[in-house]
Structure formats: C-alpha cells, structure tokens
Number of protein chains: 2
Amino acid sequence: MNIQEAAEASGLTVDTIRYYEKSGMLPPVPRDGRGWRRFDAGALEWLRNLGRLRATGMPMAEMRRFAVLVHTADPAEATAAADRLEILLAHRQRLACRRAELDAAETYLTHKIAVYSGKETS
Amino acid sequence: MNIQEAAEASGLTVDTIRYYEKSGMLPPVPRDGRGWRRFDAGALEWLRNLGRLRATGMPMAEMRRFAVLVHTADPAEATAAADRLEILLAHRQRLACRRAELDAAETYLTHKIAVYSGKETS
DNA sequence: TGCTTGACCTGGAGCGGCTCCAGCTTGTTA
DNA sequence: TAACAAGCTGGAGCCGCTCCAGGTCAAGCA
C-alpha cells in the first residue's frame, strides 16, 4: 500500500502522514526499491489510531509519548499500559475543561446575539 | 493608562495587545510624547470585548471584520449592526459543530479508556 | 554629572500542527 | 524519446500568539 492509498484509508492526508513520520509518531516506515513508503495493515491501523487521537485534540507531544509506549513496549508489560491509560485519562480531563470553556463561550455569544437582535439592552 | 495597566485590566497580555494593534483589531492607539501607547476607558472596553470574543474561539479574521464594523460604522446605521449580528450567529454555529466534535472525542476516549482499564476488549 | 534601573518601543524569530510548493527521481505509457 | 504520474526531500507559509535582542527615554541616586 503506497502513501496515497494509506491516506485515503486512514483519513489523513499524504502530507500529514509524512509529517507524522518525521515527527516520530510512526514506527519506522519501510521503503521499496524506489524509496517509496510501503504501509501494511498494522501501519494503517496505527495511522487510523493517530487520526482518532488527533480528532480528540490530543497535543502532538502526547501523541508521540503514546506512540512510543505502544511501539516500544513489551505488549505483556503492565507499566506501559498503565502509562498509556494515564495519558488518556489526563486528556479526557482536558476535554472536560474545554467543554466548560465552550459552554461559557456559547453563553456569552448568545447574550451578545440577544443584544444585537435588540431583544436586550447592554 | 499605559499598556501594562491596560493588560492587567483587560486580561490580555502586553504582547497580545501590541499584536492586536498591529493586526488592525484596535482603532488607532494614541501615543504620548515618548511614543508610549495611552489607553482610555473606551479603548480598554474594546480590549475586554476582544478578550471575550477570543475566548469564544473566534478566528482573528472575523474579529478584525467585527472590529472594523464596530469602529468605522455610523452607530445609527442598521446594516453594520446586521453584519455584526451575522458574524456572531455564524460563529455560534461553529461552536455548535465544535461541541459535536468534542462529544465524539469524549465518547471515543471513554471507550479507549475502558479498553485500557481492562473493562472491555477490542 | 554620570550611572543604573525600569518601562516602553520595534522588528523578527519560534512554536504547534499542519499545508503547500519547488525541484528532484523513477517508472509507465504513446 | 518524450511526456506524464506518483513519489521523494527540504523549506516556506499559515494562525495566534509568545519571546527576545537591541534601542530610547525618564527618574532616582552617588
């Protein structure tokens, strides 16, 4: 599977995939004789995973930490799994804060809209 | 009122205020004999306004459009007010989309956390 | 009288997370 | 044999700041 197909299958763009590789969020991507990247099913699954994590707004530094834990740790090792869990929990916490900010923003906007609609003064 | 005081009173940073001026989101800021910016009550109020709009995640281009409408339009003119209202409505729409994304992200994260906690497989 | 301190000024670099582009190689097709 | 497509790399550009270097100016102090 070449990079274009991987992009289509993962929902990332070609540029983003190359950027993720450069940034150390992908395990080493094997190349064919021409120097083209070749993605197998495992690599694709990881790209999808990254896409989903990114969609949650996880910062790159954390995605990188997560990637390293996933790809270098012994699968049977408990600490790595605990570390990954911790990253996810911290991130969910952050999302909760973002939700609170979003709520406040909507409240303010709605108030402001009421003012501009002439339904309220001040 | 100097820039430092304006920063404290508006909740923006000194750098952000200068940046906003450079970016055309402030009406011309008068200077004293030394070339220092002087902020009056009206200018401060506008800084606070910008801070609140920014907190809603409004993009700069739109804040700039808004700023221009606020500071160049005849206060009695209805079209400018309608334009401003339109910007706010469009922005609230965007926030609604963001909320949907946030919901999806939280759902995914919570699922993933369950997996890592061993409460669920796959 | 100079010397330091501190607040301000400007222009420009750096950040995250991409996105796009120029200029190159390599393989296929007409 | 030439054109075209798909990939490659390195580097610039985007937003919304943030930080920094290097400069000016006024006040306070020896």
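Every chain is numbered from 1 and lettered A, B, ... according to where its sequence line falls, protein lines coming before strand lines. No hydrogens, no waters, no symmetry mates; every other heavy atom, side chains included, goes into these values.
Distances shorter than 4.0 Å separate none of the side-chain N or O atoms of B:Arg34 from OP1 or OP2 on C:dC9. The phosphate of C:dC8 (OP1 or OP2) has no side-chain N or O of B:Arg38 nearer than 4.0 angstrom. At least one side-chain nitrogen or oxygen of A:Thr16 sits closer than 4.0 Å to the OP1 or OP2 atom of C:dT19. Checking the phosphate oxygens (OP1, OP2) of C:dC18, a side-chain nitrogen or oxygen of A:Tyr20 falls inside 4.0 Å.
If you measure from atom CZ of A:Arg64 to atom P of C:dC15, you get 12 Å, rounded to the nearest angstrom. One interatomic measurement links the two molecules: CG of A:Asp32 to P of C:dT26, which rounds to 12 Å at whole-angstrom precision. Between A:Arg65 atom CZ and C:dG16 atom P there is a gap of 15 Å when expressed in whole angstrom units.
With hydrogens and angles disregarded, no donor-acceptor distance shorter than 3.5 Å links the side chain of A:Glu106 to the backbone of A:Asp103. With A:Ser23 contributing its side chain and A:Met25 its backbone, the two residues share no donor-acceptor pair below 3.5 Å.
When heavy atoms are screened at a 4.0 angstrom cut-off, A:Arg54 is found touching the sugar-phosphate backbone but no base atom. Note on A:Arg31: only backbone sugar-phosphate atoms sit closer than 4.0 angstrom, heavy atoms only; bases stay farther off. Among the heavy atoms of the strands lying under 4.0 Å from B:Arg37 are primed sugar atoms or P, OP1, OP2 only; no base atom is included.
Using a 4.0 Å cut-off on heavy atoms, the residues of residues 2-10 of chain B that approach DNA chain C are B:Asn2, B:Ile3, B:Gln4, listed by number.
Along DNA chain D, the stretch of nucleotides lying under 4.0 Å from any heavy atom of chain A spans, 5' to 3', D:dA6 to D:dT9.
Ion pair A:Arg94/A:Glu62 flagged as a salt bridge, since at least one NZ, NE, NH1 or NH2 atom sits closer than 4.0 Å to an Asp/Glu carboxylate oxygen. Ion pairing of A:Glu45 with A:Arg52 is present here, as a side-chain N (NZ or NE/NH1/NH2) and a carboxylate O approach within less than 4.0 Å.
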A:Met58 and A:Leu95: side chain to side chain contact (heavy atoms under 4.5 Å, CB included), yes or no, with the steps? CA-CA 9 Å; A:Met58 181 178 284; A:Leu95 289 196; over 6 Å; no
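When only modelled atom types and interatomic distance are considered, B:Tyr116 and B:Lys112 share no side-chain donor-acceptor pair under 3.5 Å. Under the 3.5 Å distance criterion, with hydrogens and angles disregarded, a donor-acceptor pair is assigned to the side chains of B:Thr110 and A:Arg92.
A:Trp46 and A:His71 have perpendicular rings, their planes meeting at more than 60° on a 0 to 90° scale where under 30° would count as parallel.
Looking at A:Arg99 and B:Arg99, their side chains come closer than 4.5 Å, going by heavy atoms from C-beta outward.
Toward the 5' end of DNA chain D, the nearer of the two residues B:Met60 and B:Trp36, judged by each one's closest nucleotide, is B:Met60. Between A:Met63 and B:Glu21, the residue whose closest nucleotide on DNA chain C is further toward the 5' end is B:Glu21.
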